[in-house]
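Notes to accompany the following structure.
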Amino acid sequence: MANKPSIPKGTRDFLPEQSLKRQFIFDTARSIFQLYGYQPIETPAMENLETLTGKYGDEGDKLIYKIQSGKNLREQLGEEKTVALDAVYPDWLPQKSDRALRYDLTVPFARFVVQNQNELSFPFKRFQIQPVWRGDRPQRGRYREFYQCDVDVIGSNGLLNEAELLCIVSEVFENLGLGDIQIRLNNRKILSGIANVAGLGNYFSEMTVAIDKLDKIGVEGVKKEMIARGLPAQGVKKALDHISRKADSETVLRMLSGSLIGDEEGQRGIDEMRKTLRALPEVVREKVEIDLTLARGLNYYTGAIIEVGHEKFPSSICGGGRYDDLTGIFGLKDVSGVGVSFGADRIYDLMEDLDLFPKTLSASSDVLFINFGEKESLACMELAMKLRSDKFSAEVYPDAAKMQKQMKYANSRGFRFVILIGSQEMDDKSATVKDMNTGDQQSVRFDDLNKFVFDKLGAE
RNA sequence: GUGGUUGUAGCUCAGUUGGUUAGAGCGCCUGAUUGUGGUUCAGGAGGUCGUGGGUUCGAGACCCAUCUUCCACCCCA
């Protein structure tokens, strides 16, 4: 082998054991999504570049993976003519890119809805479990290729949707064994109201970016950052006074309602928040906390914003919100949506740290037939088929390899039973069945094999 | 994108101020046990020290570049 093969930075291979754990997360999410009536869809890994650009903010745009496609100018013009141009624009000529790998599942979903609107009935509830790509620097919990599990409902303004999504969030994590998460809820309209009242209406995005770091760098840190970004000091102080209030949600909302008098948008936000909370079943409501510092960078959110964190994990493991006009960009007006996205890979890392995956996931097969030669192995093929008809997993070792090698394979793969059928057993029409846990072995008639395995496995 | 960090056997890691032939544990292979794994014992294979340059009589170690790992920032699932 000349050079060791490798994979791109920030991507990973998954061994069977890891893959099973990942499947567990996907399966858990999928079953909850379906329980709430969401339907699966899939979209292509790549989108036209123009579909994605401008949707994620300046920072996001930089992280979109562009795919070189179409004919670049060098090919069109020929090597000779490009030499001069090359000197002036060194990275312009070779790059012609009009496609890109998807950055998330929400924007492609908006595109999907617009494109397929005639086939869908609204409100349309879908889920989607697929990989996305970001040209980020890899770090713990951040990869360049990772899976998102998205649930969205589009074509409905009702706040019952927000409530339902919070229920889903709660149930998915409960089912994964991650009951001790923090679900934080905020509303962009409230933030907007605070900005207006504080006289920071023109600095909305600067303000949100800064206050989002409040739990990390503290009030003073945020103040410094906002002033460094050029916000008027007076407004900064005012805004921070509103935001850094701590109390139970009803009290916070009442106080906010007082301070945002006269600001229509802010009042609407408060009202939405109230209605959302009121719609939550008690078991879910007690897990949701209002966090006025929650901002979220994605600029398409217009109402509720949701984020889920865990104290043992540095970044959010799930997030989402309401977007009033994402489809508008693609030509379909007045269709509002809400959704959340579960970061499967971050959830995986966290669950691995906390040792939360069920032990039974290390799925081992039930039965291995030792291969003693052609004639014997053919009998094994028949018996294996019969075992599988009763849903026992069974394999026949493919080569008549040394016994020791076959037994070692059985051991490392974790088979529960090894079945030996050599010339002796062929004559007797009964198999030697070895229990790999105890080491015991006994003779079982071919006809009684299924029942034997059933009794043994059923007893545990 | 900015700053730092890591890379030695299949895996986890030792390797002194630069100095002969680069080590350990685990795993793997062979045998004790030619129809019995996991335990035990004996033996064995496996490394151009991430890659490419450079300094030096001499580089796994020092310098530069590049790739990769992890971390902080930015941002985010």
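Values reported hereafter were calculated over all heavy atoms of this structure, with side chains retained and with hydrogens, waters and symmetry mates removed.
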For A/G60, report the nucleic acid contact type (base, sugar-phosphate, nothing); a contact means any heavy atom under 4.0 Å.
nothing
Got a donor-acceptor pair under 3.5 Å from the side chain of A/R346 to the base of B/rC76?
yes
B/rC41 to B/rC26 separation - P atoms, rounded to the nearest Å:
10 Å
Taking only the P atom of each, what is the distance from B/rC13 to B/rU69 in whole angstrom?
16 Å
A/Q139 CD to B/rU6 P, in whole Å, measures 17 Å
Name the nucleic acid region contacted by A/G10, choosing base, sugar-phosphate or nothing; use a 4.0 angstrom heavy-atom cut-off, strictly under.
sugar-phosphate
Per salt bridge (Lys or Arg N to Asp or Glu O under 4.0 Å), A/R22 is matched among A/D13, A/D345, A/D27 by A/D345
To the nearest Å, how far apart are A/W133 CH2 and B/rC75 P?
25 Å
Carboxylate-amine/guanidinium contact A/R134 A/D104, below 4.0 Å
no
Round to a whole Å and report the spacing from CZ of A/R102 to C1' of B/rC76.
17 Å
Using the C1' atom as the point on both nucleotides, what is the distance between B/rG3 and B/rC62, in whole Å?
23 Å
Which residue, A/L231, A/V209, A/V236, forms the side-chain contact (heavy atoms from CB on, under 4.5 Å) with A/Y203?
A/L231
Quick check on ring pair (Phe, Tyr, Trp, His ring centres under 6.0 Å): which of A/F146, A/Y348, A/F173 does A/F342 satisfy it with?
A/F173
Whichever of A/I317 and A/T11 has its nearest RNA chain B nucleotide further upstream toward 5':
A/T11
B/rA59 and B/rG54: how far apart are their C1' atoms, nearest whole angstrom?
11 Å
Quick check: are there more than 12 heavy atoms from other residues, nucleotides or ligands sitting under 6.0 Å from CG of A/D58?
no
Side-chain donor-acceptor distances from residues 376-384 of chain A under 3.5 Å, at least two apart:
residue : atom : partner : partner atom : Å
A/S377  : OG   : A/G373  : O            : 3.1
A/S377  : OG   : A/E374  : O            : 2.8

Walking RNA chain B from its 5' end, the first of A/F342 and A/G135 to be reached, judged by nearest nucleotide, is A/G135
When rounded to the nearest Å, what value does the distance between C1' atoms of B/rU68 and B/rU30 take?
37 Å
What is the minimum heavy-atom distance between A/E162 and A/T276, and which atoms define it?
CB-CG2, 3.7 Å
Represent RNA chain B in dot-bracket notation, 5' to 3'. Only Watson-Crick or G-U wobble pairs with both distances under 3.5 Å count; pseudoknot-style crossings use [ ] and interstrand partners use |.
((((..(..((((.....[...)))).(((((.......))))).....(((((..]....))))))..))))....
Side chain of A/S315: nearest nucleotide among B/rC73, B/rC76, B/rA77?
B/rC76
Tell me which donor-acceptor pairs under 3.5 Å the side chains of residues 401-408 of chain A have, and how far apart each pair is, sequence neighbours excluded?
residue : atom : partner : partner atom : Å
A/Q406  : OE1  : A/N371  : N            : 2.7
A/Q406  : NE2  : A/N371  : O            : 2.9
A/Q406  : NE2  : A/A401  : O            : 2.8

For B/rA9 versus B/rC29, give the span between their C1' atoms, rounded off to a whole number of Å.
15 Å
Is it true that atom CD of A/E42 has more than 12 heavy atoms of other residues, nucleotides or ligands lying nearer than 6.0 Å?
no
Which part of the nucleic acid does A/R229 contact within heavy-atom distance under 4.0 Å: base, sugar-phosphate only, or nothing?
sugar-phosphate
Which residues in residues 41-54 of chain A have a heavy atom closer than 4.0 Å to any atom of RNA chain B?
none
From CG of A/L63 over to C1' of B/rA77, roughly how many Å is that when rounded to an integer?
13 Å
Interatomic distance, A/D136 CG vs B/rC73 C1' [rounded to whole Å]:
11 Å
Atom CD of A/E59 and atom C1' of B/rC73: how far apart are they, to the nearest Å?
11 Å
Give a yes or no on whether a donor-acceptor pair under 3.5 Å exists between the nucleobase atoms of B/rA77, that is its base, and the side chain of A/R134.
yes
Using a cut-off of 4.0 Å between protein heavy atoms and nucleotide atoms, how would you tag nucleotides 31-38 of chain B 5' to 3' with B, S and -?
S---BBBB
Which whole-number value in Å describes the distance from A/R12 CZ to B/rA77 C1'?
11 Å
Given the P atoms of B/rG1 and B/rC57, what is the spacing between them in whole Å?
40 Å
Gap in Å between the two C1' atoms, one belonging to B/rU66 and one to B/rG38, rounded
46 Å
CZ/A/R229: more than 12 non-hydrogen atoms of other groups inside 6.0 Å
yes
For A/M426, I'd like to know if atom CE has over 12 heavy atoms of other residues, nucleotides or ligands within 6.0 Å.
yes
A/D61 has an atom CG; how far is it from atom P of B/rC76, in whole Å?
12 Å
What residue among A/L49, A/L101, A/D98 forms side-chain contact (heavy atoms from CB on, under 4.5 Å) with A/I67?
A/L101
Assess whether a salt bridge exists between A/K287 and A/E174, defined as any Lys/Arg side-chain N lying under 4.0 Å from an Asp/Glu carboxylate O.
yes
Ignoring backbone atoms, test whether A/K62 places a side-chain nitrogen or oxygen under 4.0 Å from the OP1 or OP2 oxygen of B/rG1.
no
Write out all pairs satisfying ring-ring contact (aromatic ring centres under 6.0 Å, His included) with one or both partners inside residues 401-427 of chain A, taking only residues at least two apart or from two chains.
A/Y397-A/Y409
Would you mind classifying the nucleic acid contact of A/K213 as base, sugar-phosphate or nothing, using non-hydrogen atoms under 4.0 angstrom?
sugar-phosphate
